[in-house]
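Reading through the structure tokens given below for one structure.
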Number of protein chains: 2
Amino acid sequence: MNYEEAKNKFISTWGSLGTLWGINKAMAQIHALLLISPDPLSMEEIMEELQISRGNTSMNLRQLIDWGIVFKENKMGERKEYFTSEKDVQELSRQIAKERSRRELKPTIKVLKDVSNIKEDGTAKTEELIKQTKALHDMADTLDIMMNKVIGQDHNWITKTLVKLIK
Amino acid sequence: MNYEEAKNKFISTWGSLGTLWGINKAMAQIHALLLISPDPLSMEEIMEELQISRGNTSMNLRQLIDWGIVFKENKMGERKEYFTSEKDVQELSRQIAKERSRRELKPTIKVLKDVSNIKEDGTAKTEELIKQTKALHDMADTLDIMMNKVIGQDHNWITKTLVKLIK
DNA sequence: TTTAATTTTCAATATTTTTTGAAAGTTTGG
DNA sequence: CCAAACTTTCAAAAAATATTGAAAATTAAA
């Protein structure tokens, strides 16, 4: 596999993985491209490389910037904007975990809390609803804490130690 | 919020969460319904409750069974099949983690491994590609181990201890 | 067997999500 | 201020995904 093949394989794989994670293909591919590009790229270059439209590129770049994993850069003497991605995968996973927690976990936790707090009425179905939503609430809460703390903080040693311990 | 409202809220929330996690709405809602139902339900009952077609119900039930989180049951003297879900959320998360690892993480890890193994050619772009895909490979590998070991095994105490430690 | 109950399959349809591209908006050098 | 360079917006089109429903397949009771 040469450079060109490897690059394409990486970009397209990252793109499909993104889809599976609720991130659209263009967004994931732009990210992949910037991640392996040694220098910042302009919008034109991204469009050209990935064969996607200007509008698509613009919207997805903006979203990546919102997520905090892509940054704008300006080259002196140039009017065009250039883009570059967060290169530290630790920081990357932290941002992604944060975003997913905010968009997916937090709202679910709220609903589970509300639902599990309805009052008992002595019926089996109500009891089951409360029991199961409570259990899910605890789980979601634990997962949320882990995502925001374990993955988030800089104590990468916890991860490493843990992995060695259980591998 | 009364029982009926709480139930509907739970089912529809679980349904949208599913979508976000790459599980379709019907599948997630069927699962939610079975999870809070004290007794096994027939296909008719599921269709009726969720207002979905027979085909849809059949296909998604089958997938839930494949995932190992829903089971068939037979009532004596009855021809119809009844369905019930895994009620232990610990076991549930284990099955889901396993399935997601198999379908999402494992193939990605393989590609990252292949891509990061292309040979150096002295150019900056090749160096960057190798460096970043190696880093992602390590991360994906760690995540995979954690999903299959920490969430998977029965040592729930690790989770609990860890959460207390870092909360 | 035969038949009736039940489940599965899958082409057609509907829905949702993504992408396009051209018009509108913004920024900056002259 | 004007005009060129560039970016954003968003309605329409395309693509991807999910759902339907009726025909085919399966199962088991009679």
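Chain identifiers are assigned alphabetically (A, B, ...) following the order of the sequence lines, protein sequences preceding nucleic acid strands; residue numbering begins at 1 within each chain.
Applying the salt bridge (Lys or Arg N to Asp or Glu O under 4.0 Å) test to pairs two or more places apart or on separate chains, those with a residue in residues 1-14 of chain A are A:E4-A:K7, A:K7-A:E49. Among pairs with a residue in residues 95-111 of chain B, those fulfilling salt bridge (Lys or Arg N to Asp or Glu O under 4.0 Å) read B:E99-B:R102, B:R100-B:E104, B:K106-B:D144, B:K110-B:D114, at least two apart in sequence or across chains.
Under the rule for a side chain to side chain contact (heavy atoms under 4.5 Å, CB included), the partners of A:E120 that lie at least two apart in sequence or sit in another chain are A:E127, A:I130. With sequence neighbours excluded, the residues satisfying salt bridge (Lys or Arg N to Asp or Glu O under 4.0 Å) with B:E44 are B:R54.
Following rounding to the nearest Å, A:Q63 (CD) and D:dT7 (P) show an atom-to-atom distance of 19 Å. Distance CD1 (B:I30) to C1' (C:dT7): 14 Å, rounded to an integer number of Å. Rounded to an integer number of Å, the gap from A:E81 CD to C:dG25 C1' is 14 Å. The NZ atom of A:K80 sits 8 Å away from the P atom of D:dT7 (whole-angstrom rounding). The distance between atom CZ of B:R62 and atom C1' of C:dC10, rounded to the nearest whole Å, is 12 Å. Rounding to whole angstrom units, CG of residue B:D66 and C1' of C:dT8 are separated by 14 Å. Between the CE atom of B:M47 and the C1' atom of D:dA22 there is a distance of 13 Å, given to the nearest Å. The CD-P distance, from B:E78 to D:dA28, rounds to 14 Å in whole Å.
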Under 3.5 Å donor-acceptor pairs involving side-chain atoms of residues 30-40 of chain A, not counting sequence neighbours:
| from | atom 1 | to | atom 2 | distance (Å) |
| --- | --- | --- | --- | --- |
| A:H31 | ND1 | A:W14 | NE1 | 3.2 |
| A:S37 | OG | A:D39 | O | 2.7 |

Got a list of side-chain donor-acceptor pairs under 3.5 Å for residues 55-62 of chain A, not counting sequence neighbours?
| from | atom 1 | to | atom 2 | distance (Å) |
| --- | --- | --- | --- | --- |
| A:N56 | OD1 | A:N60 | ND2 | 2.7 |
| A:T57 | OG1 | A:S53 | O | 2.7 |
| A:N60 | OD1 | A:N24 | ND2 | 3.4 |
| A:N60 | ND2 | A:N56 | O | 3.0 |

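A 4.5 Å side-chain heavy-atom check between A:L92 and A:D88 finds every atom pair outside the cut-off. Taking 4.5 Å as the limit, some side-chain heavy atom of A:W67 sits within range of a side-chain heavy atom of A:M27. Here the side chains of A:F83 and A:V70 are in contact, with some heavy-atom distance below 4.5 Å. With a 4.5 Å cut-off on side-chain heavy atoms, A:Q132 and B:V89 count as touching.
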Inset, instruction - Classify every nucleotide of nucleotides 11-24 of chain C by which part a protein heavy atom approaches to under 4.0 Å, writing B for the base, S for the sugar-phosphate alone and - for neither, in 5'-to-3' order. - result: -------SSBB---

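The two residues B:A28 and B:I23 make their nearest non-hydrogen contact at N-CG2, 4.0 Å. Residues A:L105 and A:A140 share a closest heavy-atom pair of CG-O, 4.2 Å. A:S42 approaches A:K80 most closely through the heavy-atom pair CB-CD, 3.7 Å.
Between the side chains of A:T123 and A:T126, at least one donor N or O sits under 3.5 Å from an acceptor N or O.
Listed by residue number, there are no residues of residues 7-14 of chain B with a heavy-atom contact under 4.0 Å to DNA chain C. The stretch residues 69-77 of chain B has no heavy atom under 4.0 angstrom from DNA chain D at all. Interface residues of residues 31-44 of chain B facing DNA chain D, ordered by number: none; criterion, heavy-atom separation under 4.0 Å.
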Pick out the pairs of N or O atoms, protein on one side and nucleotides 28-30 of chain C on the other, that lie under 3.5 Å.
| from | atom 1 | to | atom 2 | distance (Å) |
| --- | --- | --- | --- | --- |
| C:dT28 | O2 | A:R79 | NH2 | 3.2 |

Inset, instruction - Any chance you could lay out the side-chain contact (heavy atoms from CB on, under 4.5 Å) test for A:L129 and B:Y3, step after step, and finish with the verdict? - result: CA-CA 8 Å; A:L129 177 62; B:Y3 172 75; 3.8 Å; yes

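Enclosure of atom CD in B:Q95 by more than 12 non-hydrogen atoms of other residues, nucleotides or ligands within 6.0 angstrom is indicated.
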Inset, instruction - Toss me the dot-bracket line for DNA chain D: Watson-Crick and G-U wobble, both under 3.5 Å, 5' to 3', using | for pairs to another strand and [ ] for crossers. - result: ||||||||||||||||||||||||||||||

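For B:D141 (side chain) and B:H137 (main-chain N/O), no donor-acceptor pair under 3.5 Å exists by modelled atom type. No side-chain donor-acceptor contact under 3.5 Å links B:S101 to the backbone of B:A97.
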